[in-house]
Amino acid sequence: MKYLVANWKMNQIDFISWQDEFLKNFDNANFKDIKIILCPNSTELAKINDNKIDEFLLGAQDVSRHLDGPFTGQISAKILKNKNVQFCLLGHSEIRAEGETNETVLQKAARLDTEQIEKILCIGESQKVLEKGERNEFLKNQLESFFKSNHKPAFIAYEPIWAIGTGIAANTDSIKDSVDIISKFIKNYFDFSIPILYGGSVSSENIKEIVSITGIEGCLVGNASLDSKEFANIATKI
Ligand code: PGA
């Protein structure tokens with residue numbers, strides 16, 4: 001089984017035509033070997049829930065660390081659940097860049113657990129951390145903070161920040177090194193494995209090479225998922 005997560009970030013798409021175009025171009029219409037999770041902007045969740053085919057799974061991009069109440073602009077795990085959201089990204093670097101800490105990520109994880117929404121934990125180092133040779137420590141810290149509180153994500157998305165939205169994905173050796181670090185670390189904590197996804201400038205050109213890396217079970221796709229034809233090409237080639 002392979003996994004694809006579409007992260008539409010703060011972009012609005014015309015979902016009905018996106019879905020039509022995807023289905024026209026996807027070459028494996030029975031979805032037998034692939035699970036696809038769509039993560040639209042929160043304002044689009046209801047519309048997509050009402051119109052999507054059953055094979056698409058629904059994900060959110062973020063959740064509030066609060067239960068409910070006066071938190072303008074935020075969305076609670078309970079509201080997500082009411083919209084039939086099954087997955088939620090957690091710790092995406094674009095949200096960490098706005099001030100989210102490992103501690104906040106844990107609070108959000110607890111809210112999602114209460115509503116039984118599956119977590120897609122995003123981790124990844126910056127260019128600076130990479131250049132300083134501190135990637136191992138950095139990834140381990142992000143994972144340790146999460147695992148020691150006994151939260152189990154459905155997926156770990158390894159997304160090197162320097163590869164996100166740049167058009168230049170990490171090379172296979174670099175992804176392999178990170179997958180090794182992450183899978184060894186998972187083994188220390190759990191007696192089961194957690195699927196690892198790669199994210200950062202994934203396209204129909206590089207998808208095959210990326211998913212051929214041992215330990216990579218799918219991808220998180222930003223930019224290239226906005227174009228449903230390109231996303232269908234990715235899904236076909238995976
Ligand atoms: P990208 O984004 O595919 O546009 O690099 C990936 C992500 O941020 O999840």
Side-chain angles (χ1 to χ4, degrees), residues 2-13 18 22 34-42 44-45 48 56-63 85-100 105 108 112 117-130 135 138-139 142-143 146 153-172 174-175 178-179 182 194-211 213 216-238:
K2 293 280 186 247
Y3 304 93
L4 267 186
V5 182
N7 177 11
W8 291 333
K9 308 190 181 187
M10 201 171 67
N11 294 291
Q12 201 168 13
I13 55 150
W18 186 96
F22 177 91
I34 189 167
K35 283 204 191 313
I36 298 178
I37 303 168
L38 305 177
C39 302
N41 191 272
S42 59
E44 306 297 301
L45 286 168
I48 293 176
F56 285 130
L57 304 169
L58 190 58
Q61 297 174 13
D62 193 16
V63 64
V85 165
Q86 297 150 282
F87 294 86
C88 186
L89 301 180
L90 206 48
H92 191 284
S93 61
E94 286 159 9
I95 299 178
R96 293 186 195 257
E98 299 282 318
E100 185 181 65
V105 169
K108 292 179 175 182
L112 294 171
I117 297 172
E118 301 274 13
K119 302 172 292 298
I120 304 172
L121 176 66
C122 303
I123 61 168
E125 79 287 355
S126 64
Q127 180 79 39
K128 208 163 145 196
V129 167
L130 184 70
R135 172 177 50 175
F138 187 86
L139 294 180
Q142 283 189 326
L143 289 173
F146 199 77
F155 299 99
I156 291 174
Y158 168 61
E159 299 205 294
I161 298 170
W162 44 272
I164 295 179
T166 59
I168 303 167
N171 68 39
T172 42
S174 173
I175 300 175
S178 299
V179 168
I182 296 166
I194 298 170
I196 301 172
L197 313 178
Y198 166 81
S201 298
V202 172
S203 70
S204 59
E205 297 290 307
N206 58 27
I207 184 75
K208 255 194 164 20
E209 198 182 355
I210 293 171
V211 292
I213 299 170
I216 289 289
E217 296 185 46
C219 286
L220 204 160
V221 189
N223 233 358
S225 67
L226 293 170
D227 174 349
S228 52
K229 204 168 165 191
E230 167 68 353
F231 193 62
N233 282 338
I234 295 173
T236 302
K237 286 183 174 180
I238 201 171

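Order of appearance sets the numbers: ligands from 1, and atoms from 1 within every ligand.
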Using a strict 4.0 Å cut-off to heavy atoms of [X], name the atoms of ligand 1 that fall inside it.
{"X": "N7", "answer": "9 (O)"}
{"X": "G200", "answer": "5 (O)"}
{"X": "L220", "answer": "9 (O)"}
{"X": "N223", "answer": "1 (P), 3 (O), 4 (O)"}
{"X": "G222", "answer": "1 (P), 2 (O), 3 (O), 4 (O), 6 (C)"}

- Message: Please find the pair of heavy atoms, one from I238 and one from Y3, that lie closest to each other, and give the distance.
- Response: CD1-O, 3.9 Å
- Query: Looking only at heavy atoms, what is the nearest atom pair of I117 and V85, with distance?
  - Reply: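 I117 and V85 have their closest heavy atoms at CG1-O, 3.8 Å.
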- In this structure, OG1 of T172 is separated from CD1 of I213 (nearest 0.5 Å) by 5.5 Å
- Message: With a cutoff of 4.0 Å, is G165 in contact with ligand 1, counting heavy atoms of the residue only?
- Response: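 Right, G165 reaches ligand 1.
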- Message: Measuring only between side-chain heavy atoms, which start at C-beta, is N206 closer than 4.5 Å to Y198?
- Response: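 No, their side chains stay 4.5 Å or more apart.
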- Message: Looking at S225 and F231, would you say the former's side chain and the latter's main chain have a donor-acceptor pair under 3.5 Å?
- Response: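 No.
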- Message: Is it the case that the side chain of Q142 and the backbone of G124 share a donor-acceptor pair, with hydrogens and angles ignored and the cut-off at 3.5 Å?
- Response: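 Yes.
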- If you have a sec, work out which protein heavy atom is nearest atom 7 (C) of ligand 1 and how many Å separate them, to one decimal? E159 OE2, 3.2 Å
- Task: Looking only at protein heavy atoms, identify the closest one to atom 2 (O) of ligand 1 and say how far it is in Å.
- Result: K9 NZ, 3.2 Å
- Message: Testing the 3.5 Å rule here: is there a donor-acceptor pair between the side chains of Q86 and E118?
- Response: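 Q86 vs E118: no donor-acceptor pair found between side chains.
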- Query: Where does I164 meet ligand 1, judged by heavy-atom distances below 4.0 Å: at the side chain, the backbone, both, or neither?
  - Reply: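 Both backbone and side chain.
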- Nitrogen or oxygen atoms of T166 and ligand 1 under 3.5 Å apart: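 No, T166 has no N/O under 3.5 Å of an N/O on ligand 1.
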